[in-house]
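Only this structure's heavy atoms are used, side chains among them; waters, hydrogens and symmetry mates stay out. Just so it is clear, the structure is predicted and the values come from calculations on it, not from any experiment. Sequence positions, counted from 1, serve as the residue numbers for this chain.
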Amino acid sequence: MEVAAKLKFVRISAQKCRLVCDMVRGMPIERALDTLKFSKKRAAAVLKKVLDSAIANAENNNGADIDELKVAKIFADQGPSYKRMMARAKGRGSRILKQTCHITVVLSDERSKG
């Protein structure tokens with residue numbers, strides 16, 4: 001059984017978020033939560049919330065045993081960029097791109113795979 005949780009339009013770049021995603025991919029739930037809890041990256045706090053949401057989905061919607069879940073897939077896709085202007089010298093302006101990303105967490109039950 002697979003259970004997913006998504007968070008869209010997060011105000012962090014996908015590249016920075018992927019660094020944290022790579023740390024927890026394939027881990028059991030308890031170990032992944034500990035890793036995210038003690039990480040200093042800003043994306044770790046956001047990923048922890050999405051992981052908690054996926055755990056709640058698995059427990060409440062599908063009645064899964066939390067101790068047997070692991071992070072099967074976790075990825076951060078590029079979202080739309082907010083276009084902003086910054087004042088520059090001599091009345092000019094330069095474009096600032098504020099990146100967003102879409103985070104997807106998929107948990108799977110280990111016993112159903114084996």
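In this structure, V105 is a member of the same hydrophobic cluster as I66, with clusters built from ILVMFWY side-chain heavy atoms closer than 4.5 Å. Both I74 and M23 are assigned to one and the same hydrophobic cluster, defined by single-linkage of ILVMFWY side chains at heavy-atom distances under 4.5 Å. When the side chains of ILVMFWY residues are joined at heavy-atom separations under 4.5 Å, either directly or via intervening members, V71 and I55 end up in a single hydrophobic cluster. F75 and V46 are members of different hydrophobic clusters when ILVMFWY side chains are connected at heavy-atom separations under 4.5 Å.
Atom SG of residue C101 and atom CD1 of residue I103 lie 4.5 Å apart, to the nearest 0.5 angstrom. Taking CG of L47 as the start and CZ of R42 as the end, the distance is 11.5 Å to the nearest 0.5 Å. Atoms OG and NZ, from S53 and K6 in turn, are 12.5 Å apart once rounded to the nearest 0.5 Å. In this structure, CD in E2 is found 11.0 Å from CG in N62, a value given to the nearest 0.5 Å. Of the inter-residue distances, the one linking K16 atom NZ with C21 atom SG reads 14.5 Å to the nearest 0.5 angstrom. For the atom pair D65 CG and M1 CE, the distance stands at 9.0 Å (nearest 0.5 Å).
When atom types are taken as modelled, the side chain of N60 and the backbone of A56 share a donor-acceptor pair closer than 3.5 angstrom. Checked by atom type and distance alone, the side chain of H102 never pairs as donor or acceptor with a backbone atom of L7 at under 3.5 Å.
Counting heavy atoms from C-beta on, the side chains of R25 and K73 never come closer than 4.5 Å. Counting heavy atoms from C-beta on, the side chains of E30 and P28 never come closer than 4.5 Å. Annotation: side chain of L107 is in contact with side chain of L51 (closest heavy-atom distance under 4.5 Å).
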Counting only pairs under 3.5 Å, give me each side-chain donor-acceptor contact of residues 90-97, with atom names and distances, residues two or more places apart or in other chains.
none

Could you list the donor-acceptor pairs under 3.5 angstrom formed by side chains in residues 32-40, with sequence neighbours left out?
residue, atom, partner, partner atom, Å
T35, OG1, R31, O, 2.8
S39, OG, K41, N, 3.4

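Within 6.0 Å of CE in M85 there are more than 12 heavy atoms belonging to other residues, nucleotides or ligands.
Shown here for I12 and A43, the closest heavy-atom pair between the two residues is CD1-CB, 3.6 Å. Residues T100 and Y82 share a closest heavy-atom pair of CG2-CE1, 3.9 Å. Across every non-hydrogen atom of V3 and A58, the tightest pair is CG1-N, 3.6 Å.
Using modelled atom types and a 3.5 Å distance limit, the side chains of Q78 and Q99 yield a donor-acceptor pair.
A salt bridge between K48 and D52 is present, with a side-chain N of the basic residue lying under 4.0 Å from a carboxylate O of the acidic one.
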> Run the side-chain contact (heavy atoms from CB on, under 4.5 Å) check on K70 and M27 step by step: do they pass?
Replying inline: CA-CA 6 Å; K70 69 172 187 172; M27 285 187 181; over 6 Å; no
